[in-house]
Amino acid sequence: MKDLYLFNTLGRKIEKFTPISENIVKIYCCGPTVYNYAHIGNLRTYFFEDILKRILIYNGYKVYHVVNITDVGHLVSDADEGEDKMEKGAKREGKTVWEIAEYYTEAFKKDLHELNILYPDVWCKATDNIKEQIELIQCLEKKGFTYITSDGVYYDTSKFKNYGKLALLDIEGLEEGKRITFSEEKKNKTDFALWKFSPKNVKRQMEWDSPWGKGFPGWHIECSAMSMKYLGETFDIHCGGVDHIPIHHTNEIAQSEGCTGKQFVRYWLHGEFLIQEKGKMAKSAGEFLTLPVLLEKGYSGLDYRYFMMMTHYRKKLKFSFKALDSAKRGFNNLKDEIIKLKDSISYSKDSNIVINTSRLNFWKDKFIENINDDLNVTGGLGVLWDMLKDNSLNPKEKLSLVYDFDNVFGLKLKEVEREEIPDEILKLVEKRKAAKLNKQWKEADEIREEIRKKGFELLDHKNGETEIKKIK
RNA sequence: GGCGUCGUACCCAAGUGGCUAAGGGAGCAGUCUGCAAAACUGUUAUUCAUCGGUUCGAAUCCGAUCGACGCCUCCA
């Protein structure tokens, strides 16, 4: 087994990866809040996690992967009178919060499917694990980390040693309430709610009984409770978007380690944002691009996947249609290349082309060297293209490497096939052939144009044969 | 105000102390062709935001400047 190196946010350096148990890697990834569609920026994070998972598998590990579904609405702010994203979404669409959660969960799973992202072993919903969350809060209460205010149970962050070590927080420098006013009852500016009381006189659609009164769990407790429930008190990898570093993950550490007294997570990995001209793509800003919109515009999920492979997960990626088009072009060229390889193997009279293992290993080593260096798929993609241009390899060898690398890329390269040409088009091709033989160039060109309008392109080759390709 | 990140060709980008600065897209030239497209061949950064410093040697390390961005509110 080759060494795998990952950038650990905890400590901010690249470290050699070693799992707790020899062959199984336990991963928890923060999932979506299902009050709306995921936008293409959200999806970039799940793509990065998919690449991580595929690289672990490529390296011979078994992966046990848990993703949560946040179906409890989190308040817009502490001071807010109780409207939350889920309830807001429900109101907007005239449905119950439960229906909203169900609908957007399915939409999310569909997006992942389009992107060929492997599903986790466990999907866990916050609302299915209220009991575990309450128990965790009780544990923290017993150990003296909590206090109660008029609106909820809070975590006293001054009681937790090294609070903020993940984010390198300079607590003194934080400007509390820079953009929003906070509860005055909080003891420290970094304190956060573990349990929120239902507002008086307001009937929430989602609320539960607890030892502290009717209400709902705080913003961060679900991830601590569920990750430990499914993966144990200490597990290997926890991932999410970079925005989670300073608050969400910082608080998860405080909650979990406060209760167990043990290290919560060994490797923290964070994916950078997809940005657009003006900055990050944000759901709260209203306008955002979703995968279904890209599909409508004629891009496939895999086109977008290839686009995301153009850069490293820890770098911001600027989205533009121009960039997406060039990725799509590149991806199409790659698929054409594969079709040519398949053709040349099936047309070859020599049915026993030998695969030379040492040549294969040369390229496999190059590939793994890239991807094992903190998930450098972009470099891996470069290796793929270089390999395809290596004339010392025969088509069988190339194709076997393509399939091998695709275990990491996830571009479904094995399924790439030449499109079926409809009879209607074949007839036109015959007609044009006849015209060409009679040197009726004008007519031949007209037929070619007609075929083009029907979505197919004709390419006349030197040997007199005509290739028909679907226009992508 | 504090903290953090980034700046490599026309675009997307790999490379983070030492062979000719990967790869993809796009462009250009040639071969081929009834024409076109495709294909093939060649080609497009003496230079890595700028200016200094460290070093035998820097895109890579250090400092300053300029520019872009993220976080300090829930957020991928």
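Note on naming: letters A, B, ... go to the chains in the order of the sequence lines (proteins, then strands), and numbering restarts at 1 for each one.
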All N/O contacts under 3.5 Å from nucleotides 25-28 of chain B to the protein, with atom names and distances to one decimal?
{"residue": "B:G25", "atom": "OP1", "partner": "A:Asn333", "partner atom": "ND2", "Å": "2.4"}
{"residue": "B:A26", "atom": "OP1", "partner": "A:Arg329", "partner atom": "NE", "Å": "3.0"}
{"residue": "B:A26", "atom": "OP1", "partner": "A:Arg329", "partner atom": "NH1", "Å": "2.6"}
{"residue": "B:A26", "atom": "OP1", "partner": "A:Arg329", "partner atom": "NH2", "Å": "2.8"}

Distances under 3.5 Å only, N/O to N/O: pair up the protein atoms with those of nucleotides 58-62 of chain B.
none

Can you name the atoms? Protein N/O to nucleotides 42-44 of chain B N/O, anything below 3.5 Å, with the distance.
none

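Spacing of C1' atoms, B:U50 relative to B:A68, comes out at 15 Å, to the nearest Å. Rounded to the nearest Å, the gap between the C1' atom of B:A45 and that of B:A14 is 15 Å. Nucleotides B:C69 and B:U8 place their P atoms 15 Å apart, quoted to the nearest Å. The gap from the P atom of B:C32 to that of B:A37 amounts to 15 Å, rounded to the nearest Å. Atom C1' of B:C72 sits at a distance of 30 Å from the matching atom of B:C61, rounded to the whole Å. For B:C6 and B:G42, the C1' atoms lie 36 Å apart once the distance is rounded to whole Å. Rounded to the nearest Å, the gap between the P atom of B:G53 and that of B:A58 is 12 Å. Here the separation of B:A13 from B:G18, taken at their P atoms, is 24 Å to the nearest Å.
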For side chain to side chain contact (heavy atoms under 4.5 Å, CB included), just list the numbers for A:Ile237 and A:Leu6, CA-CA rounded to whole Å, side-chain angles, deciding distance to a tenth of an Å, and then say yes or no. CA-CA 10 Å; A:Ile237 303 176; A:Leu6 299 173; 4.2 Å; yes

Stepwise side chain to side chain contact (heavy atoms under 4.5 Å, CB included) check, A:Asp374 with A:Arg314: CA-CA 9 Å; A:Asp374 194 27; A:Arg314 282 194 289 118; 2.7 Å; yes

Using the side chain to side chain contact (heavy atoms under 4.5 Å, CB included) rule, take A:Leu118 and A:Lys53 through it: C-alpha gap first, then chi angles, then the decisive distance, then the call. CA-CA 8 Å; A:Leu118 304 169; A:Lys53 183 172 173 178; 3.9 Å; yes

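Side-chain polar atoms of A:Tyr104 and A:Asp71 form no donor-acceptor pair below 3.5 angstrom.
For A:Arg448, taking side-chain heavy atoms from C-beta onward, the closest of the listed nucleotides B:A39, B:G34, B:A14 is B:G34. The listed nucleotides are B:G24, B:A76, B:A13; the one nearest the side chain of A:Lys389 is B:G24. The side chain of A:Thr45 lies closest to B:A76 when the candidates are B:A76, B:C75, B:G7.
Partner of A:Trp363 under the side-chain hydrogen bond (donor to acceptor under 3.5 Å, both in side chains) criterion, out of A:Asp386, A:Asp404, A:Asp390: A:Asp390 alone.
Using a 4.0 Å heavy-atom criterion, one finds that A:Asp445 contacts the bases of the nucleic acid, with or without backbone contacts as well. As judged by a 4.0 angstrom heavy-atom cut-off over every strand, A:Leu458 is placed among the base-contacting residues. Residue A:Asp336 is out of contact with every strand shown, counting any heavy-atom pair closer than 4.0 Å. Contacts of A:His270 with the nucleic acid, taken as non-hydrogen atoms under 4.0 Å apart, are absent. In this structure, A:Leu317 reaches the sugar-phosphate backbone alone: every heavy-atom distance under 4.0 Å involves primed, P, OP1 or OP2 atoms, never a base. As judged by a 4.0 angstrom heavy-atom cut-off over every strand, A:Gly271 is placed among residues making no nucleic acid contact.
Taking the ring axis of A:Tyr299 as reference, the NZ or CZ atom of A:Lys328 stays within 45° of it and closer than 6.0 Å to the ring centre.
Between the OG1 atom of A:Thr190 and the CD1 atom of A:Ile247 there is a distance of 10.0 Å, given to the nearest 0.5 Å. Rounding to the nearest 0.5 Å gives a distance of 15.0 Å between CZ of A:Phe307 and CG of A:Leu302.
Classified by interplanar angle (parallel below 30°, tilted 30° to 60°, perpendicular above 60°), the ring pair A:Phe367/A:Tyr58 is perpendicular. Taking the six-membered ring where the residue is Trp, A:His270 and A:His249 present tilted rings, their angle falling between 30° and 60°. Ring pair A:His244/A:His248 is tilted by interplanar angle, where 30° to 60° counts as tilted.
Taking 4.0 angstrom as the limit, A:Lys318 places none of its side-chain polar atoms (N or O) nearer than this to OP1 or OP2 of B:C69. At B:C35, none of the side-chain N or O atoms of A:Lys442 fall inside 4.0 Å of OP1 or OP2 (strictly under the cut-off). In terms of phosphate contacts, A:Thr311 brings a side-chain nitrogen or oxygen within less than 4.0 Å of OP1 or OP2 of B:A14.
Taking the side chain as every heavy atom from C-beta outward, A:Val153 and A:Ile137 approach each other to under 4.5 Å.
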